[in-house]
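Not measured: the values here are computed from a predicted model. Side chains are part of it too, since the values below use all heavy atoms of this structure and drop only hydrogens, waters and symmetry mates.
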Amino acid sequence: MKKRVALVLGSGGARGYAHIGVIEEIERRGYDIACIAGCSMGAVVGGIYAAGKLPVYRQWIESLDYLDVLRLVDVSFRLGAIRGEKVFGQIRKIVGDVNIEDLRIPYTAVATDLTHQQEIWFQEGCLHQAMRASAAIPSLFTPVMQGDRMLVDGGLLNPLPIVPVVSSHCDLIIAVNLNSTHQNHYQLPVIERPAAFKMRFDSLLNSLGSHLPFRRKQAEQLLRLEQQTLQATAAILPNPWLDSASPQLKPPPAAPEEEGAPKSATGSVIIDNVGPASLLDLINQSFEVMQTSLAQYKIAGYPPDVLINVPKRVCRFFEFYKAPELIALGREIARDTLDVYERESSDSVRRL
């Protein structure tokens, strides 16, 4: 008989794509996912899975190159760098208009109500609105207004929502923590991508946070990157920041290569940045520090039967173009973790 699993999918921005690999490995081993609770990207992936559309969603995100991802960036000037209408509009096309109570398994999405400073559980009503509210990452995506409530990412209060599944009467609880500071032996798989597209995407994301610079030198460097990127992509992403009358600026000089400096898989020197590169980066790094601490408290208070730890260092919070790599990594970590759990379970049975 299949073991029934209560699955908890934590928040962690782009690292949430690892949840897909975890789900695939759980199902491959014959477990039955009987209920899901998720926060932020965990709520998105969990909701799409509960709606039976995960294969379609995975096919879509893995088909995106850097230019496709750029087209999904709808820049906002209000309470977030990105409106998110394009991204979540596509998700809505994939999932359709469905209510949570009509899903094939029980589902909970966790969001944070800033107005009343409390945690919100979505267990009924519009699935799309629940996912959008739970994933409204502060500074990156604009909040969701619901009556007098301003809803943002649930990771602000509960990045690993174990409590909603405690009473599910499943055989075991599996929780996926995307903010682990351990597991240093895991590396993100290398998948070659067009260099030009990657440069455009990285520069645009950096530029989103540079309009309120906190260090003059960094602001000047980011401004040069911003002008180059926006001029190159103006036809794709019309942007009021682009001033066609501005003079062309040369890119900042490359950092000198130091003997013995660490190198990437492509042979380029890895330069460790001192502090965040922009205001957006500062806010998101602060958010991640908070989430890491909160997740540890949640795990200590309600220890799951199986804890799958994805190291937060594998990618930055907003690197949403790394779906194939993160899915593969999630599958690898889930495989290793479940191997240990099943081996220990078998040993316990034999001792009895």
Side-chain angles (χ1 to χ4, degrees), residues 1-12 15-55 57-58 95 98 100-110 121-124 127 130-131 134 154-155 158-180 183 295 298-310 326-349:
M1 183 177 178
K2 289 184 177 181
K3 282 191 175 182
R4 300 175 71 250
V5 169
L7 184 60
V8 181
L9 303 178
S11 66
R15 291 188 300 277
Y17 286 138
H19 290 318
I20 299 174
V22 172
I23 289 172
E24 290 176 350
E25 182 63 22
I26 290 173
E27 289 192 320
R28 188 188 71 81
R29 290 171 180 259
Y31 294 100
D32 177 26
I33 299 175
C35 71
I36 287 183
C39 176
S40 193
M41 272 296 287
V44 173
V45 172
I48 294 171
Y49 172 79
K53 300 296 185 180
L54 194 58
Y57 176 70
R58 176 183 173 168
V95 175
V98 59
I100 294 172
E101 55 267 34
D102 297 327
L103 297 173
R104 57 193 178 90
I105 58 175
Y107 166 83
T108 303
V110 176
W121 292 7
F122 287 93
Q123 295 179 318
E124 60 183 18
L127 173 63
M131 294 189 297
S134 183
N158 193 352
L160 195 63
I162 300 173
V163 176
V165 304
V166 168
S167 62
S168 63
H169 304 295
C170 290
D171 297 306
L172 71 158
I173 296 174
I174 298 178
V176 186
N177 174 28
L178 301 179
N179 295 286
S180 174
Q183 306 291 65
K298 298 299 180 182
I299 293 166
Y302 296 91
D305 299 291
V306 179
L307 179 61
I308 297 173
N309 281 309
V310 177
L326 288 161
I327 292 171
L329 180 66
R331 190 185 307 112
E332 177 188 0
I333 298 175
R335 182 184 65 240
D336 293 347
T337 306
L338 289 170
D339 279 347
V340 173
Y341 165 75
E342 291 173 357
R343 185 167 57 249
E344 292 178 348
S345 296
S346 297
D347 291 344
S348 298
V349 171

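Residues that satisfy the side-chain hydrogen bond (donor to acceptor under 3.5 Å, both in side chains) test with K3, not counting sequence neighbours, are Y341. Residues passing the side-chain hydrogen bond (donor to acceptor under 3.5 Å, both in side chains) test with Y57: none are found, sequence neighbours excluded. Here E332 pairs with nothing under the salt bridge (charged side-chain N to carboxylate O under 4.0 Å, His left out) rule; sequence neighbours left out.
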What donor-acceptor contacts under 3.5 angstrom involve side-chain atoms of residues 39-51, with partners at least two apart or in another chain?
| unit_1 | atom_1 | unit_2 | atom_2 | d |
| --- | --- | --- | --- | --- |
| S40 | OG | D153 | OD2 | 2.6 |
| Y49 | OH | E27 | OE2 | 2.6 |

Please set out all donor-acceptor pairs under 3.5 angstrom arising from side-chain atoms of residues 302-310, sequence neighbours excluded.
| unit_1 | atom_1 | unit_2 | atom_2 | d |
| --- | --- | --- | --- | --- |
| D305 | OD2 | I173 | N | 2.7 |
| N309 | OD1 | N177 | ND2 | 3.1 |

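Without hydrogens or angle criteria, R4 side chain to A34 main chain gives no donor-acceptor distance under 3.5 Å. At distances below 3.5 Å, not a single donor-acceptor pair connects side-chain atoms of S134 with backbone N or O atoms of A130.
Atom-to-atom distance recorded for L338:CG and Y31:OH is 5.5 Å, nearest 0.5 angstrom. Interatomic distance, I23 CD1 to I174 CD1, rounded to the nearest 0.5 Å: 10.5 Å. For the atom pair S11 OG and L160 CG, the distance stands at 8.0 Å (nearest 0.5 Å).
Contact annotation: the side chain of E101 never approaches that of Y107 to less than 4.5 Å [non-hydrogen atoms, C-beta and beyond]. Residues I33 and I26 are in side-chain contact: their nearest non-hydrogen atoms beyond the backbone lie under 4.5 Å apart. Between W121 and P164, some side-chain heavy-atom pair lies under the 4.5 Å cut-off.
Considering all non-hydrogen atoms of both residues, L7 and V165 come closest at O-CG1, 4.5 Å. Taking each heavy atom of D171 and K2 in turn, the nearest pair found is OD2-O, 4.1 Å. Between Q123 and T108, the shortest heavy-atom distance links the atoms NE2-OG1, 2.9 Å.
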(request) Run the numbers on L178 and H19 for side-chain contact (heavy atoms from CB on, under 4.5 Å), then give the verdict. (result) CA-CA 9 Å; L178 301 179; H19 290 318; 3.3 Å; yes
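Residue E124 places its CD atom among 12 or fewer non-hydrogen atoms of other residues, nucleotides or ligands, all under 6.0 Å distant.
The salt bridge (Lys or Arg N to Asp or Glu O under 4.0 Å) pairs that include a residue from residues 17-26 are E24-R58, E24-R331, E25-R28, E25-R29, where partners are two or more places apart or lie in different chains.
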